[in-house]
Amino acid sequence: MTAALLIIDMQKAFFEDASLGKQQDSLVAACNSAIADAREAGIAVYLIRTEHQRDKSTWTVSMLDDEQGFLFSGTEQAEFVDGLSAGGLPELVKTRDSAFFGTDLLQRLRNLNVDTVVLAGVSTHNCVAQTGADAYANNLRVVYAEEAVASTNDQYAQNVLGVLRDEYRQQALGASGIRQLFSKQSARQSPDQTPML
């Protein structure tokens, strides 16, 4: 198994929602813990962010319907939340829920022979889940970092993750399980096989 860690949409705008705002500190801490464990094990980490253009060329159907854009490139809302250990990590920009849509993420993972992605970030029932579904479509195994994902709607999150676990054989692991998964990979790698971060 070769894994990669994807940190999805840990951007200031999403934490303006009260339900996510109150989880921000614990979620940042959980993401930072996963990043630290990945770095220590030589696991590739990618920071994924959503950004849109003001000219409407990247807007979703719902944004167009509502005549209201969101997460404009270059704004403070589009920045990663304060305290996230983002320094030196590669970033990918997307315009839809899935981190695979319109990005070169799959090529990057293939280049590193990744067969398993660990997902963290927000929102569980939207961008995290859609990324998980697309990973499955590309024959990648998926693990959700339990403490490092959060949603604006807990019921939606539970329902979607239930489907992904049952139908796609995806799993959720706590911090110790993620650490163990990463350390198992690290133990199998020789120094010249460790991916550059």
Side-chain angles (χ1 to χ4, degrees), residues 1-11 13-15 17-24 26-28 30-31 33-35 37-38 43-50 59-66 70-71 92-110 114-182 184-185:
M1 179 209 72
T2 302
L5 173 63
L6 309 183
I7 306 292
I8 300 170
D9 288 349
M10 288 292 290
Q11 296 166 263
F14 293 109
F15 292 90
D17 179 276
S19 60
L20 282 179
K22 63 186 177 185
Q23 301 177 71
Q24 180 174 335
S26 61
L27 193 58
V28 168
C31 286
S33 177
I35 291 169
D37 290 340
I43 303 295
V45 181
Y46 294 99
L47 300 175
I48 317 292
R49 75 165 84 218
T50 301
W59 291 19
T60 65
V61 170
S62 57
M63 291 166 70
L64 292 168
D65 286 348
D66 296 342
F70 186 57
L71 287 167
L92 285 80
V93 176
K94 63 185 178 70
T95 60
R96 293 298 183 271
D97 288 353
S98 173
F100 291 95
F101 186 91
T103 73
D104 66 350
L105 176 60
L106 183 61
Q107 184 62 50
R108 290 175 185 240
L109 299 177
R110 295 284 189 244
V114 168
D115 58 15
T116 301
V117 289
V118 176
L119 304 186
V122 298
S123 191
T124 310
H125 69 282
N126 292 106
C127 297
V128 175
Q130 189 61 57
T131 299
D134 281 356
Y136 175 85
N138 285 292
N139 283 347
L140 295 167
R141 299 195 182 277
V142 176
V143 177
Y144 299 93
E146 284 180 328
E147 293 95 342
V149 292
S151 182
T152 55
N153 187 311
D154 290 338
Q155 189 60 56
Y156 286 176
Q158 290 175 19
N159 292 344
V160 170
L161 287 182
V163 171
L164 293 171
R165 282 193 301 260
D166 293 346
E167 297 294 326
Y168 291 173
R169 300 181 184 179
Q170 299 178 347
Q171 61 179 319
L173 293 175
S176 60
I178 298 295
R179 190 173 302 116
Q180 186 177 27
L181 184 147
F182 288 164
K184 280 182 182 176
Q185 178 177 326

Residue R141 excluded, over 12 heavy atoms near CZ under 6.0 Å:
no

Could you go through Q158 and D154, starting from their C-alpha distance and side-chain angles, then the distance that decides it, and tell me whether this counts as side-chain hydrogen bond (donor to acceptor under 3.5 Å, both in side chains)? CA-CA 6 Å; Q158 290 175 19; D154 290 338; 5.9 Å; no

side-chain contact (heavy atoms from CB on, under 4.5 Å) assessment of T131 paired with L119 = CA-CA 8 Å; T131 299; L119 304 186; 4.1 Å; yes

Hits for side chain to side chain contact (heavy atoms under 4.5 Å, CB included) against R165, two or more places apart or cross-chain, chain-then-number order -> L161, A172

- Message: Whether the side chain of D104 engages the backbone of Q107 through a donor-acceptor N/O pair (distance < 3.5 Å, no angle test) should be reported.
- Response: no

Q. Q171 side chain to V143 main-chain N or O, any donor-acceptor pair under 3.5 Å?
A. no

Output for pair (L173 CG, I178 CD1), nearest 0.5 Å, gives 4.5 Å

Test item: side-chain donor near acceptor, K94 and T50, under 3.5 Å: yes

query: What is the ring orientation for F14 with F70, classed by angle as parallel under 30°, tilted 30 to 60°, or perpendicular over 60°?
result: perpendicular

- Return yes if a side-chain donor-acceptor contact under 3.5 Å exists between Q170 and Y136, otherwise no. no

Rounded to the nearest 0.5 Å, the CG atom of D9 sits from the OG atom of S123 at a distance of 9.0 Å

dist L5:CG -> I7:CD1 (nearest 0.5 Å) comes out at 4.0 Å

### Query
Can any side-chain N or O of Q23 pair as donor or acceptor with the backbone N or O of S19 at less than 3.5 Å?
yes

- Between T2 and D115, does any side-chain donor sit less than 3.5 Å from a side-chain acceptor? no

Between Q130 and N126, is any side-chain donor less than 3.5 angstrom from a side-chain acceptor? no

The reported gap from CD1 in I48 to CD1 in I8 (rounded to nearest 0.5 angstrom) is 6.5 Å

